Visitor: 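The structure follows.
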Number of protein chains: 2
Amino acid sequence: MGRRNDHSREEIRELAILAAAKLVTEHGLAGLTARKVATAIGYTVGSLYLVFKNLDELILHVNVRNLDALYQAVTQAGAPHPEPIPRLLAFGRAYLQFGLEHTDAWRMIFEHRMQHGAERPPWFESQVNRLFGLLEAPIQTLLPQAEQATVVQAAHALWGGVHGICVLCLSDKLTVVKAISAQDLLENLMRHYLTGLQSEQRARVAAGD
Amino acid sequence: MGRRNDHSREEIRELAILAAAKLVTEHGLAGLTARKVATAIGYTVGSLYLVFKNLDELILHVNVRNLDALYQAVTQAGAPHPEPIPRLLAFGRAYLQFGLEHTDAWRMIFEHRMQHGAERPPWFESQVNRLFGLLEAPIQTLLPQAEQATVVQAAHALWGGVHGICVLCLSDKLTVVKAISAQDLLENLMRHYLTGLQSEQRARVAAGD
DNA sequence: ACCTGAACACCGTTCAAGT
DNA sequence: ACCTGAACACCGTTCAAGT
């Protein structure tokens, strides 16, 4: 055996990433193993370690693609709404919906940990930032007087909140009280937070700061 | 070998739960394996399966104890504050602090999934509900006119939000923008949400509903 | 009756050996 | 140069066999 040269290094990486993503959506996180990916693309396990440092690196590449898909979904959901509050609500709904539709992909993005406490690479972190950053423009519109730091802080607080409701919903820790839909919780959280944010800002401006 | 009778079934379970909890806090989630637990308590792996159905059941027992510790920490943090808003803020801070101090235990509570899609037992779910339920009394005090359903919904929305900030903080997905402390985000989210909740309620009462 | 030890079917990762 | 196959050090889980 040895030496087939059917595919370039880059092609093998691509095949592996696609196969891994498919395994996760079809059989969940536990369904993704190095041996299964290798089998799916017609190579031996060893070959995988010729093109990836380890399984973590492969998972990271799957995650960054799913993160991009999530970003696209959220962006597109917000696009038809020029007003800040409807746009932010649309963002939140799209975020939750992506989680509901691609639960395993969603969970792998946010729950995967690097082994041995390794750090996530910058090209992954920047995708996370890009997603969070989406909130800043509408919030700035909502608070025209606010400083950049205030807006960034509000964006993180609100997105963190949205994320939490999604996490609890996807792990079935919220469905205990029946008739509570995650959709409603999300809207409740976002609307009241934004109301509070605006009234706080009004109070500040009135006080002459 | 065989037949030692050093410990009763119940004693072995107890030893295993304590050893498992210790392994997690000392070596993280990956440090918890059936073989290591067995070795730690001076038995063979097989014995573990005489007293637990599988690893999931053992993990569940560790989780329910950590969940109780979390509940105690949150309760005690809120106790000195009779006013609803300071109490809720104290709850949130204690929740985050527990996560920061016992990160692996915290993550195992919320990220562990049952294998083969098995359901979590009721005695676990009820501990989760008890934790969420803590928010309801202060929120009811805050919104004296509100119906029970409104209060329950607000409690879940707010706790979900708090949870999300903690999750992102503990997975290092928030620290990207430096100088953003999770503490501040938490307070930002809770304060503005509660402000918004109250002003909404005032509007309702003024409208005569 | 209680516990062991070995087995089974898996893992991730490495690397000498083949073409 | 590229890829394999086997090995290593692990897993969770089961169960015949020993005392």
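Predicted model, so just to flag it, every value in this text is computed and none were measured. So that the names make sense, note that chain A is the first sequence line, chain B the second, and so on, each numbered from 1.
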Visitor: Does B/D56 come within less than 4.0 Å of B/R113, counting only side-chain N to carboxylate O?
Guide: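 Salt bridge flag = no for B/R113 with B/D56.
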Visitor: Starting at CG of A/L55 and ending at P of C/dT14, how long is that distance when rounded to a whole Å?
Guide: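 From A/L55 CG to C/dT14 P: 11 Å.
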Visitor: What integer distance in Å separates B/L23:CG from D/dC11:C1'?
Guide: 15 Å
Visitor: Using a strict threshold of under 4.0 Å (side-chain N to carboxylate O), is an ion pair present between A/R191 and A/E187?
Guide: yes
Visitor: So with a 6.0 Å cut-off around CD of A/E26, is the heavy-atom count from everything else above 12?
Guide: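 More than 12 within 6.0 Å, yes.
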Visitor: Nearest-Å distance, CZ (A/F52) to C1' (D/dC3)?
Guide: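 Roughly 16 Å, once rounded to whole Å.
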Visitor: Dot-bracket for DNA chain D: what is it, with Watson-Crick or G-U pairs under 3.5 Å, [ ] where a pair crosses earlier ones, and | for a pair to another strand?
Guide: ||.|||||...|||||.||
Visitor: Which residue lies toward the 5' end of DNA chain C, A/G46 or A/L32, if each is placed at its nearest nucleotide?
Guide: A/L32
Visitor: Tell me: NZ of B/K53 to P of D/dT13, nearest whole Å?
Guide: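 Taking atom P of D/dT13 as the reference, NZ of B/K53 is at 9 Å.
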Visitor: Which whole-number value in Å describes the distance from B/H7 NE2 to C/dA1 C1'?
Guide: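 My rounded result for the distance is 16 Å.
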Visitor: From D/dG12, C/dT4, C/dT13, pick the nucleotide closest to the side chain of A/N54?
Guide: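 Nearest nucleotide to the side chain: C/dT13.
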Visitor: Side chain of A/T44: nearest nucleotide among D/dG5, C/dG12, D/dC11?
Guide: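 Among D/dG5, C/dG12, D/dC11, the one nearest the side chain of A/T44 is D/dG5.
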Visitor: Can you check whether A/S47 has a side-chain N or O nearer than 4.0 Å to OP1 or OP2 of D/dC2?
Guide: no
Visitor: Reckon A/I12 touches a base, only the sugar-phosphate, or nothing at all at heavy-atom distances under 4.0 Å?
Guide: sugar-phosphate
Visitor: In terms of heavy-atom contacts, does CD of B/Q115 have more than 12 from other residues, nucleotides or ligands at under 6.0 Å?
Guide: yes
Visitor: So, is A/Y49 near the phosphate of C/dT14, with a side-chain N or O under 4.0 Å from OP1 or OP2?
Guide: no
Visitor: For D/dC11, does OP1 or OP2 lie under 4.0 Å from any side-chain N or O of B/T33?
Guide: yes
Visitor: At under 4.0 Å, does any side-chain N or O of B/K36 touch on OP1 or OP2 of D/dC11?
Guide: yes
Visitor: Tell me whether A/E111 is salt-bridged to A/R107, with the criterion being a basic N under 4.0 Å from an acidic carboxylate O.
Guide: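 Yes, this pair counts.
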Visitor: Looking just at side-chain N and O atoms, do A/E101 and A/Q97 make a donor-acceptor pair shorter than 3.5 Å?
Guide: yes
Visitor: Take the protein atom NE2 of A/H27 and the nucleotide atom P of C/dC10, then report the distance between them rounded to whole Å.
Guide: 14 Å
Visitor: Starting from C1' on C/dA9, measure out to CZ on A/R35 and report it in whole angstrom.
Guide: 11 Å
Visitor: Rounded to whole Å, how long is the line connecting atom CG of A/L48 with atom P of D/dT4?
Guide: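 Value for this atom pair: 11 Å.
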Visitor: Between A/Q115 and C/dG12, is there a side-chain N or O to OP1/OP2 distance below 4.0 Å?
Guide: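 For C/dG12, neither OP1 nor OP2 has a side-chain N or O of A/Q115 closer than 4.0 Å.
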Visitor: With a 4.0 Å cutoff (strictly under), does any side-chain N or O of A/R4 reach OP1 or OP2 of D/dT4?
Guide: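 For D/dT4, OP1/OP2 do have a side-chain N/O of A/R4 under 4.0 Å.
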Visitor: Would you verify whether the NZ or CZ of A/R93 falls within 45 degrees of the ring axis of A/F98 while also being under 6.0 Å from that six-membered ring's centre?
Guide: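 Ring-cation test returns no.
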Visitor: So if I apply the side-chain contact (heavy atoms from CB on, under 4.5 Å) rule between A/V151 and each of A/I139, A/L135, A/T141, which one comes out positive?
Guide: A/I139
Visitor: Between C/dC3, D/dC2, C/dG12, which nucleotide gets closest to the side-chain atoms of B/L50?
Guide: C/dC3
